[in-house]
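Structure first, commentary second.
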2 protein chains.
Amino acid sequence: MSTTLLQITDVSDTTGAACCTPLTRETIDADRAEELARKLKALADPTRLRLVSIVAASAGEEACVCDLIEPVGLSQPTVSHHLKVLMDAGFLTRSKRGTWAYYRLVPGALGQLSQLLDVTASR
Amino acid sequence: MSTTLLQITDVSDTTGAACCTPLTRETIDADRAEELARKLKALADPTRLRLVSIVAASAGEEACVCDLIEPVGLSQPTVSHHLKVLMDAGFLTRSKRGTWAYYRLVPGALGQLSQLLDVTASR
DNA sequence: CGACTATATCGATGGTTGTCAATATTGGGC
DNA sequence: GCCCAATATTGACAACCATCGATATAGTCG
């Protein structure tokens with residue numbers, strides 16, 4: 001019913017009798033905010049968004065670095081850097097086959113982030 | 001079935017992501033990536049996440065600056081700055097009443113962002 | 001082994017950002 | 001009109017970040 005945005009599942013708010021409006025719904029705590037911000041920061045770059053998007057749209061949902069350089073139009077070291085950031089944040093995994101490095105989406109990662117941001121009753 | 005992640009909805013809706021029912025498995029284009037990154041960047045800060053959360057959890061879903069300073073533990077100018085960033089990104093609105101400034105969530109903003117990140121079939 | 005290829009790491013650099021103190025602005029009360 | 005409270009803006013500074021060229025690493029093929 002009420003907004004359940006970014007809430008923390010602390011729950012000990014049974015204290016006050018159920019009133020009407022969402023009075024003291026718990027807000028996100030500092031640690032969790034830090035963690036969420038870390039992940040959002042990894043995605044908050046146009047190049048990285050494109051990389052994730054390209055990987056997701058690729059056949060087999062995987063792509064090797066050589067396929068990614070040309071589409072984003074940046075240098076190979078820069079692309080490698082972005083891929084590392086996305087890996088460290090838990091959005092991609094890497095598997096090397098021969099000289100090539102193939103990147104894949106981590107299955108639930110984006111969906112989980114999406115859920116965290118969601119508002120059950122937006123408006 | 002297929003991943004529909006970060007897809008572009010084409011169209012010329014410049015006023016923000018129109019979302020919903022993507023047409024293609026096309027990858028996100030540069031312009032849209034830029035736009036999405038801009039919004040994500042606004043959220044990708046622990047303090048701003050906490051501010052949004054507190055506003056969302058407040059009675060009436062609005063809060064004035066004076067209520068926000070103490071919880072986040074930063075200076076008043078810094079809090080004002082963060083609120084401005086969130087407003088510019090379209091997540092909050094401000095309404096002044098007397099000397100006080102009340103901030104509210106923009107109804108669909110977070111949900112829309114959430115949808116954009118979602119993977120329809122994240123495996 | 002030696003040449004070549006794909007990718008990662010390093011170092012430097014210009015640009016962005018989070019923060020604060022100081023100051024400006026705006027509205028209310030006397 | 002004058003003072004005070006709430007908020008916004010400005011200026012400065014340190015930390016961080018995206019990017020590149022150069023270089024290192026590792027795998028392949030002859």
Side-chain angles (χ1 to χ4, degrees), chain A residues 28 30-31 33-55 58 60 62-89 91-104, chain B residues 28 30-31 33-55 58 60 62-89 91-104:
Chain A
I28 198 174
D31 285 346
E34 201 91 35
E35 170 71 10
L36 222 192
R38 209 177 56 85
K39 295 195 174 189
L40 286 171
K41 214 171 289 187
L43 277 186
D45 177 276
T47 299
R48 289 198 284 270
L49 285 174
R50 295 179 71 195
L51 288 172
V52 168
S53 179
I54 295 171
V55 168
S58 297
E62 73 173 6
C64 87
V65 181
C66 55
D67 294 331
L68 298 169
I69 295 176
E70 182 267 336
V72 303
L74 294 174
S75 73
Q76 174 267 316
T78 300
V79 173
S80 264
H81 162 69
H82 284 309
L83 290 169
K84 178 170 167 40
V85 171
L86 287 168
M87 258 194 16
D88 290 347
F91 292 111
L92 296 182
T93 53
R94 174 177 58 193
S95 67
K96 283 202 102 173
R97 292 206 293 276
T99 23
W100 293 273
Y102 291 89
Y103 285 85
R104 306 182 136 265
Chain B
I28 198 172
D31 284 347
E34 200 92 35
E35 170 73 10
L36 222 193
R38 210 178 56 83
K39 294 194 177 190
L40 286 171
K41 215 172 287 188
L43 277 186
D45 177 276
T47 299
R48 290 199 283 272
L49 285 174
R50 294 179 71 193
L51 288 172
V52 168
S53 178
I54 294 171
V55 168
S58 297
E62 71 173 10
C64 86
V65 181
C66 57
D67 295 330
L68 298 170
I69 295 176
E70 183 266 336
V72 303
L74 294 174
S75 74
Q76 174 267 316
T78 299
V79 173
S80 264
H81 162 69
H82 285 309
L83 290 169
K84 179 169 166 39
V85 171
L86 288 168
M87 258 193 16
D88 290 347
F91 293 111
L92 296 181
T93 52
R94 172 178 59 194
S95 67
K96 283 203 99 172
R97 293 203 294 275
T99 26
W100 293 273
Y102 291 88
Y103 286 84
R104 302 182 138 264

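Labels below follow one simple rule: chain letters A, B, ... track the order of the sequence lines, proteins then strands, and each chain is numbered from 1. All heavy atoms count here, side chains included; hydrogens, waters and symmetry mates do not.
- Taken from CG in A:Leu83 to CG in A:Asp88, the straight-line distance is 11.0 Å, to the nearest 0.5 Å.
- Two residues are said to be in side-chain contact when any heavy atoms from C-beta on lie closer than 4.5 Å; B:Leu49 and A:Leu40 meet this criterion.
- Here CD1 of A:Ile69 is found 10.0 Å from CG of A:Leu51. Values are rounded to the nearest 0.5 Å.
- Atom-to-atom distance recorded for A:Leu74:CG and A:His82:NE2 is 6.0 Å, nearest 0.5 angstrom.
- Following rounding to the nearest Å, B:Lys84 (NZ) and D:dA6 (C1') show an atom-to-atom distance of 18 Å.
- Atom C1' of nucleotide C:dT9 and atom CE of A:Met87 are separated by 13 Å, given to the nearest angstrom.
- Interatomic distance, CG of B:Leu43 versus NZ of A:Lys39, reported as 15.5 Å (0.5 Å rounding).
- In this structure, A:Leu92 atom CG and C:dT7 atom C1' are separated by 15 Å, rounded to whole Å.
- Computed from coordinates, the A:His82 NE2 to C:dA8 P distance equals 13 Å when rounded to whole Å.
- Taking atom NZ on A:Lys41 and atom C1' on D:dA15, their separation rounds to 11 Å, with Å as the unit.
- Taking 4.5 Å as the limit, every side-chain heavy atom of B:Thr78 sits out of range of all side-chain heavy atoms of B:Val72.
- Proximity of A:Thr47 to the phosphate of D:dT19: a side-chain N or O atom is located under 4.0 Å from OP1 or OP2.
- Scanning residues 64-72 of chain B for heavy-atom distances under 4.0 Å to DNA chain C yields an empty list.
- Of the side-chain N and O atoms in A:Arg94, none sit less than 4.0 angstrom from OP1 or OP2 of C:dT7.
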Pick out the pairs of N or O atoms, protein on one side and nucleotides 21-29 of chain C on the other, that lie under 3.5 Å.
none

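- Judged by distance alone, with hydrogens and angles left aside, the side-chain atoms of A:Arg48 form a donor-acceptor pair with the main-chain N or O of A:Ala42 at under 3.5 Å.
- When rounded to the nearest whole Å, the span between CG of A:Asp45 and P of C:dT17 equals 11 Å.
- With B:Arg94 contributing its side chain and B:Lys84 its backbone, the two residues share no donor-acceptor pair below 3.5 Å.
- Using a 4.0 Å heavy-atom distance criterion, B:His81 is classed as a base contact.
- Among the protein residues, B:Tyr102 comes within range of no part of the nucleic acid, since none of its heavy atoms lies under 4.0 Å from any strand.
- Rounded to the nearest 0.5 angstrom, B:Glu34 CD and A:Arg50 CZ are separated by 9.5 Å.
- Spacing between atom CG of A:Leu40 and atom C1' of C:dG18 amounts to 17 Å, rounded to whole angstrom units.
- Distances shorter than 4.0 Å separate none of the side-chain N or O atoms of A:Tyr103 from OP1 or OP2 on C:dA6.
- Rounded to a whole Å, the CG atom of A:Leu86 is 16 Å from the C1' atom of C:dA8.
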